[in-house]
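Here's the structure, in structure tokens; my notes come after.
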Amino acid sequence: MTDFSIPFEDDDLFASAGLRLTIDLTALTDNWREMARRSGKARTAAVVKADAYGMGIEDVGEALYLAGARDFFVATVDEGVTLRMFAPEARIFVLAGIWPGTERRFFENDLVPIISSEEQLAFWMAVLADYGDYPCALHVDTGFNRLGLTMDEALALADDVSRPASFAPVLIMSHLACGDDHSSAMNKQQLESFRVVSAAYEGIDSSLAASGGIFLGDDYHFDLTRPGIALYGGQAVNGIANPMRPVATAEARIIQIRTVKAGETVSYGRALQLTRDSRLAIVSAGYADGYMRSQSSDGVPLRQAVPQGGQGFVAGQKVPVAGRITMDQTIFDVTDLPEGAIRAGDYIELFGKNILVDDAAKAAGTIGYEMLTSIGLRHERKYEMDEE
Ligand SMILES: *Cc1c(COP(=O)(O)O)cnc(C)c1O
């Protein structure tokens with residue numbers, strides 16, 4: 001055996017990571033309680049699909065469970081199986097529904113499939129005939145045109161006296177297309193449609209509101225609300241101040257600081273030409289880490305809201321992205337920081353408490369949801385919680 005003189009087990013991966021993500025679980029659970037408060041009499045679930053919006057379904061699921069959440073929504077059966085270990089007594093709904101070959105995993109992990117098409121319904125009836133009673137949820141489309149039985153299908157099913165007694169939905173749900181835009185007439189239309197479906201399934205819990213819908217008020221809350229993005233601190237409603245606490249902080253390590261003369265160009269395509277002598281900080285995160293190339297400093301077609309591109313935060317100031325973001329590195333212009341304020345090895349915040357994730361997303365021409373879920377696998381993660 002080789003005798004390694006470097007004590008690998010002592011390496012602090014978080015302290016040395018190129019990209020690190022800090023998740024504030026206290027802010028997360030505060031946000032869930034705030035959503036529960038705003039949900040009034042309705043119960044409040046937690047949507048933890050896509051690895052809890054990139055924040056880690058294990059730790060996030062457990063923290064929300066300990067805070068009192070007892071209803072969860074995941075996208076896939078695999079996510080449900082993972083979550084079950086951290087939320088033993090919770091109801092876990094699977095948004096993608098059930099497919100042949102996954103029955104056993106549903107049953108063994110006590111997962112509730114959300115049936116959203118006639119095909120899934122037919123399969124589900126066959127499953128019940130073979131295995132006996134088991135709960136499910138029904139997704140009804142009220143105008144989104146993504147998942148769900150049509151209104152006609154759902155109403156016919158409600159009236160169908162021949163349906164087997166073992167068919168026992170525990171939840172009727174629908175999803176708003178414009179929950180983030182409270183000026184849209186679509187919300188009211190979907191509400192009216194959903195009321196009709198909800199009445200047809202009297203005695204069964206109903207659920208319409210995700211984060212944006214919760215802010216629409218009591219009429220939209222029904223029996224169960226389904227917040228996702230608001231739990232993670234993201235903006236749920238456009239055009240109003242976001243009351244949620246930021247949860248995630250992404251920071252990239254500065255690998256090198258270089259001095260560059262006025263007139264020189266920066267990064268691929270020479271897209272940025274410096275107009276003054278500058279100092280540039282090169283950090284170890286790029287688009288392969290989910291720091292989207294569309295946040296590059298300028299000349300990015302399709303990005304209109306923030307034409308000058310993204311910003312980082314370091315030494316108490318915002319610093320602009322310089323030139324194009326590359327696969328593994330991003331360049332920030334730190335000329336305006338006092339000499340010596342930062343050095344290689346320090347970290348620049350990409351988003352967090354100082355650069356809101358929605359502002360970083362806007363500079364990339366996208367939404368906070370995509371920014372959070374894009375921060376991929378190549379990072380070290382740390383969870384923090386206030387002492388009670
Ligand atoms: C993702 C999702 C949610 C959560 O939406 P947010 O906007 O993140 O709150 C709720 N319901 C369904 C059906 C979803 O797909």
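Everything quoted here is computed from the prediction, not taken from an experiment. When a ligand or atom number is given, it counts from 1 through the structure's own listing order.
Note that Arg70 lies in the cation-pi zone of Tyr65, set by a 6.0 Å cut-off to the ring centre and a 45° limit from the axis.
The shortest distance between side-chain heavy atoms of Phe167 and Leu157 falls below 4.5 Å. Between Ile282 and Arg258 the shortest side-chain heavy-atom distance falls below 4.5 Å.
Among residue pairs with one or both ends in residues 146-161, none qualify as salt bridge (charged side-chain N to carboxylate O under 4.0 Å, His left out); sequence neighbours excluded.
With sequence neighbours excluded, the residues satisfying side-chain contact (heavy atoms from CB on, under 4.5 Å) with Asp358 are Gln235, Asn242. Here Tyr268 pairs with nothing under the ring-ring contact (aromatic ring centres under 6.0 Å, His included) rule; sequence neighbours left out.
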List below, pair by pair, the N or O atoms of ligand 1 and of the protein that are less than 3.5 Å apart, including the distance to 0.1 Å; reply 'none' if no pair qualifies.
residue, atom, partner, partner atom, Å
ligand 1, 7 (O), Tyr369, OH, 2.5
ligand 1, 8 (O), Tyr53, OH, 2.5
ligand 1, 8 (O), Ile229, N, 2.8
ligand 1, 9 (O), Ser211, N, 2.9
ligand 1, 9 (O), Ser211, OG, 2.5
ligand 1, 9 (O), Gly228, N, 2.8
ligand 1, 9 (O), Ile229, N, 3.4
ligand 1, 11 (N), Arg226, NE, 2.9
ligand 1, 11 (N), Arg226, NH2, 3.3
ligand 1, 15 (O), Lys49, NZ, 2.7
ligand 1, 15 (O), Arg146, NH2, 3.2

